[in-house]
Amino acid sequence: MMDLQGKRVAILGGSSGIGLAAAALAGPHAHVLIAGRSADKLAAARAAHPAIAASAALDMMDDEAVRGFFAGQDEWDHVVVCGSRTRTGPVRGLDLQDAYEAMQSKFWSAYHVARSCRIRAGGSLTLVSGVFSVRPDRNAVLQGAINAALEGLMRGLALELAPVRVNAISPSVTDTPLWDKLDPDQRKRKFESYAARVPVGRIAAPDDVARAIFAVATNPCITGSTLLVDCGDAVS
């Protein structure tokens, strides 16, 4: 992680899951700020990981709030956008308001950040999408469409924001608090079923995805790319 030494890193959606793993990984080397909607979760994250330097309560779905946040900050070396609230379901079964909110949460939040973030030349913006963009699921059609839109946004931004580099990380099933909605037995069966299906025979941990985030963020020759961290899900 020496490429992060002394760098300024903002992780939006950094209070749990993949975002928090990225913050914990970078914290001992960089000045890391995490942002998210819940002040309580942000405080708990910093208590658990004292190397995280700062936090800010921020709703990325609020464009004015996002603009205000970046206007009041110095330039960042790396900005990472994680986290979203999306309900899954087939197109004909998912409530339309839930569908609109899913797009607002994951796509438009990233769009708000992209139009307002202040990143130094040669720095990076990294978005987290998901494997459904390339391997659709009949019960999560909208998620696939949102992830594909996010990756399309990323490729265009790599041109518009250059020399800032813009990339996407695309995980599949990852052992995060997202799955806490299942009871322990359901969660265990879900993870075991997935591990049995994919080539590497396991599910990803948040740290696996976090390492991928900084692999692209710190590589000066990677931009406009999507890196799958999916245990082979896209080809299984």
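Residue numbers start at 1 and run along the sequence shown. All values below were derived from every heavy atom in this structure, side-chain atoms included, with hydrogens, water molecules and symmetry-related copies excluded. Since we're looking at a predicted model, the values are computed, not measured.
- Leu4 CG to His31 NE2: the interatomic distance, rounded to the nearest 0.5 Å, is 13.5 Å.
- Asp98 meets the salt bridge (charged side-chain N to carboxylate O under 4.0 Å, His left out) test with Arg87; sequence neighbours excluded.
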Does the side chain to side chain contact (heavy atoms under 4.5 Å, CB included) test come out yes or no for Val128 and Ile213, once each step is laid out?
CA-CA 8 Å; Val128 177; Ile213 287 170; 4.3 Å; yes

Would you sort out whether Val209 and Ile169 count as a side chain to side chain contact (heavy atoms under 4.5 Å, CB included), showing the intermediate values?
CA-CA 8 Å; Val209 185; Ile169 299 299; 3.7 Å; yes

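- The cluster map of Ile, Leu, Val, Met, Phe, Trp and Tyr, joined by side-chain heavy atoms under 4.5 Å apart, puts Phe132 and Phe107 in different clusters.
- Note on Phe214 and Val32: same hydrophobic cluster, where clusters join Ile, Leu, Val, Met, Phe, Trp and Tyr whose side-chain heavy atoms are under 4.5 Å apart, directly or indirectly.
- Scanning for salt bridge (charged side-chain N to carboxylate O under 4.0 Å, His left out) contacts around Arg187 gives Asp175, Asp180, with sequence neighbours left out.
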Would you check, one step at a time, whether the test salt bridge (charged side-chain N to carboxylate O under 4.0 Å, His left out) holds for Arg120 with Asp77?
CA-CA 6 Å; Arg120 68 165 182 81; Asp77 294 288; 2.3 Å; yes

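- Here the side chain of Ser193 pairs no donor or acceptor atom with the backbone of Lys190 at under 3.5 angstrom.
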Where do Gln186 and Lys181 land on the side chain to side chain contact (heavy atoms under 4.5 Å, CB included) test, with the steps shown first?
CA-CA 10 Å; Gln186 287 178 312; Lys181 62 189 177 184; over 6 Å; no

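- When the side chains of ILVMFWY residues are joined at heavy-atom separations under 4.5 Å, either directly or via intervening members, Val9 and Ile52 end up in a single hydrophobic cluster.
- The shortest heavy-atom contact between Leu228 and Ala234 is CD1-CB, 4.1 Å.
- With rounding to the nearest 0.5 angstrom, the CG atom of Leu161 is 7.0 Å from the CG atom of Leu125.
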Does Arg115 form a side chain to side chain contact (heavy atoms under 4.5 Å, CB included) with Val66? I'd like the steps, not just the answer.
CA-CA 9 Å; Arg115 71 194 297 263; Val66 172; over 6 Å; no

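- Note that CG of Leu25 and CG of Leu20 are 11.0 Å apart. Values are rounded to the nearest 0.5 Å.
- In plain terms, the two heavy atoms of Arg165 and Thr223 that are nearest each other are CA-OG1, 3.3 Å.
- In this structure, the separation between OG1 on Thr126 and CE on Met154 is 10.0 Å, given to the nearest 0.5 Å.
- Using the six-membered ring where Trp is involved, Trp179 and Phe191 have ring planes that are perpendicular, over 60° apart on the 30 and 60° scheme.
- Contact detail for Pro171 and Ile18: the closest heavy-atom pair is CG-CD1, 4.2 Å.
- Here the CZ atom belonging to Arg67 is positioned 8.5 Å from the CG atom belonging to Asp62, to the nearest 0.5 angstrom.
- Here the shortest heavy-atom pairing between Pro199 and Val235 reads CG-CG2, 4.3 Å.
- Here the CZ atom belonging to Arg155 is positioned 10.0 Å from the CG atom belonging to Leu150, to the nearest 0.5 angstrom.
- More than 12 heavy atoms of other shown residues, nucleotides or ligands fall within 6.0 angstrom of atom CD in Gln97.
- Under the 4.5 Å side-chain contact rule for hydrophobic residues, Leu12 and Val166 share a cluster.
- Minimum interatomic distance between Met60 and Cys82 (heavy atoms only, all atoms of both residues): CE-O, 3.6 Å.
- Hydrophobic clustering places Val79 together with Tyr111 (ILVMFWY residues linked when any side-chain heavy atoms are closer than 4.5 Å, directly or through intermediates).
- Minimum heavy-atom separation, Arg135 to Asp233: NE-OD1, 2.9 Å.
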